2 protein chains.
Amino acid sequence: MVPKKLRQGKILEVIRKGAVHNQQELLVHLRRAGIHVTQATLSRDIKELGLVKGAEGYREFGPRVYFASEETLRHLLREFLSDTKASGNLVILKTNPGCAQTVAVALDRAGWPELAGTLAGDDTILTVVAEGYRSQDIQQKIQRLIG
Amino acid sequence: MVPKKLRQGKILEVIRKGAVHNQQELLVHLRRAGIHVTQATLSRDIKELGLVKGAEGYREFGPRVYFASEETLRHLLREFLSDTKASGNLVILKTNPGCAQTVAVALDRAGWPELAGTLAGDDTILTVVAEGYRSQDIQQKIQRLIG
DNA sequence: CCCCAGTCTGTATATTTATTCCTTTTATTG
DNA sequence: CAATAAAAGGAATAAATATACAGACTGGGG
C-alpha cells in the first residue's frame with residue numbers, strides 16, 4: 001500500500017511535468033510509477049490538493065491563506081516564489097501563476113516594518129521598501145527566509 | 001439572439017461575483033439576465049474564456065497568450081499600446097481597456113533582461129526596469145519595436 | 001441570385017468526474 | 001488485547017461536462 005502523502009506528492013510531480021487532461025490519464029501515469037489506485041481516489045486527491053482543471057489540463061491554484069505567521073510565510077515563499085529582484089526602492093517577486101495575490105497577502109500580514117506596501121498581479125508582486133531601508137537588504141532577507 | 005461577446009462578458013461578470021460550481025448553475029444565472037443558452041454552449045464558452053474549475057467553482061486563470069516571440073509582442077504592442085511614459089525606474093504603458101494583462105504577459109514571456117517585472121491592471125502596465133538599465137532606454141526600445 | 005466556406009448553436013450522446021455505499025485498514029482507549 | 005472510532009479506498013452509479021453531428025445564419029465571390 002502506497003501512502004497517501006506519497007501518492008499526492010507524485011500527482012503534483014506529474015501535473016507539474018506535463019499536461020494531464022483527465023483522471024484516466026493521471027491514473028496511467030501513476031501506475032507507471034507503481035502506484036495503483038482507482039479514478040475515485042484520484043478525484044478525491046485532486047480536491048484535497050486544490051487542483052484546478054482548465055483547457056490545459058490540471059494545474060495547481062494558489063491556496064487561500066488567512067493568517068500568516070513568519071512560518072506560513074516561509075512555507076508559501078518556498079512553495080510559490082520563483083524569483084526575486086531588487087530595483088530602486090522596489091523588490092520584485094515572481095511567483096507561480098495565480099499565486100501572487102496569496103503571497104502578497106501573507107507578506108502584508110507578516111507586518112515587516114521594512115515594507116511600505118505590496119501590490120500583486122497574477123504572478124508578480126511589487127514590494128515597495130520603506131524609507132530608510134535598502135531593497136537589496138530586503139531581497140536578501142527574503143532569500144534567507146527560504147534558504 | 002444575444003451576441004456571443006456579450007454572453008461571455010456576462011459569464012465573467014457572474015463568476016467574478018460569486019462561486020459557480022457547475023454549468024447548470026451558470027445557465028440559471030444567465031437566464032436571470034435574459035440570456036438563454038444550452039449547457040453545450042456554456043461548455044464551449046468556458047473553454048474559449050480559458051476558465052478553470054476547482055473545488056471553489058469556476059475561476060479565471062492567467063493569460064491567454066502562451067508564447068511570445070518578439071514578433072507576437074510587436075503585434076500586440078502595435079495593436080493595443082496607446083502611450084508610454086518613463087518615470088524613475090518604471091515605464092508606464094497605457095493600453096486599450098482590458099488589454100493590459102495580455103500585453104504584460106507577452107512582455108514577461110519575451111524575457112527581456114532589462115525588465116525586472118511587470119504588473120498589469122486593466123489598461124495600465126507598470127514595468128519595473130532592472131538594476132543597471134535606464135527606463136528612458138527601455139521606453140525607446142519599446143517605441144522602436146512598434147515604429 | 002446562388003453557392004461556398006465559416007461561424008454559431010442546439011440536440012443527442014459519449015466521456016469524464018463526483019458521490020454513495022460498503023469493506024478494509026489504521027489508530028485510540030479502556 | 002478487544003472494542004470502537006476514524007480514515008481510506010474500491011465498485012457502482014449519479015452527475016457534470018465535452019463533443020459529434022446537423023441545421024441556421026452570414027458574408028463574400030462569381
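Any value given below was found using the heavy atoms of this structure, including those in side chains, with hydrogens, waters and symmetry copies removed. All values derive from a computational prediction rather than experimental measurement. Sequence lines set the chain letters: A, B, ... in the order given, protein chains first and strands last, and positions in each chain run from 1.
Going from atom CD of B/Q23 over to atom P of D/dT19 covers 11 Å, rounded to whole Å. Atom CD1 in A/I46 sits about 18 Å away from atom P in D/dA16, given to the nearest Å. If you take CG of A/L42 and P of D/dA8, they are 15 Å apart, rounded to a whole angstrom. Taking atom CG on A/L6 and atom P on D/dA8, their separation rounds to 14 Å, with Å as the unit. Atom CG of B/L27 and atom P of D/dA18 are 14 Å apart (whole Å). Atom CD in B/E25 sits about 13 Å away from atom C1' in D/dA15, given to the nearest Å.
For the 3.5 Å distance criterion, the side chains of A/K94 and A/T124 qualify, holding a donor opposite an acceptor. For A/Q139 and A/T84, the side-chain atoms include at least one donor-acceptor pair closer than 3.5 Å. Using a 3.5 Å distance cut-off with no hydrogens or angles, the side chains of A/N89 and A/S135 do not pair a donor with an acceptor.
Summary of the strand contacts: A/V37 and B/H21 both lie near DNA chain D, and taking for each the nucleotide with the nearest heavy atom, the more 5' one is attributed to A/V37. Mapping A/R44 and A/N22 onto DNA chain C by nearest heavy atom places A/N22 closer to the 5' end of the strand.
The side chain of A/Q39 contributes no N or O atom lying less than 4.0 Å from OP1 or OP2 of D/dG9. Close to D/dT17, at under 4.0 Å from its OP1 or OP2, lies a side-chain N or O of B/K53. At least one side-chain nitrogen or oxygen of A/R7 sits closer than 4.0 Å to the OP1 or OP2 atom of D/dG9. Dashed line: the shortest gap from a side-chain N or O of A/T41 to OP1 or OP2 of D/dG9 is not under 4.0 Å.
When atom types are taken as modelled, the side chain of B/T127 and the backbone of B/L90 share no donor-acceptor pair closer than 3.5 angstrom.
The shortest side-chain heavy-atom distance between B/K85 and B/D83 falls under the 4.5 Å cut-off. Between B/W112 and B/I142 the shortest side-chain heavy-atom distance falls below 4.5 Å. Two residues are said to be in side-chain contact when any heavy atoms from C-beta on lie closer than 4.5 Å; A/R32 and A/V28 meet this criterion.
Bracketed by its first and final contacts, the part of DNA chain C lying under 4.0 Å from non-hydrogen atoms of chain B reaches from C/dC8 to C/dT11 in 5' to 3' order.
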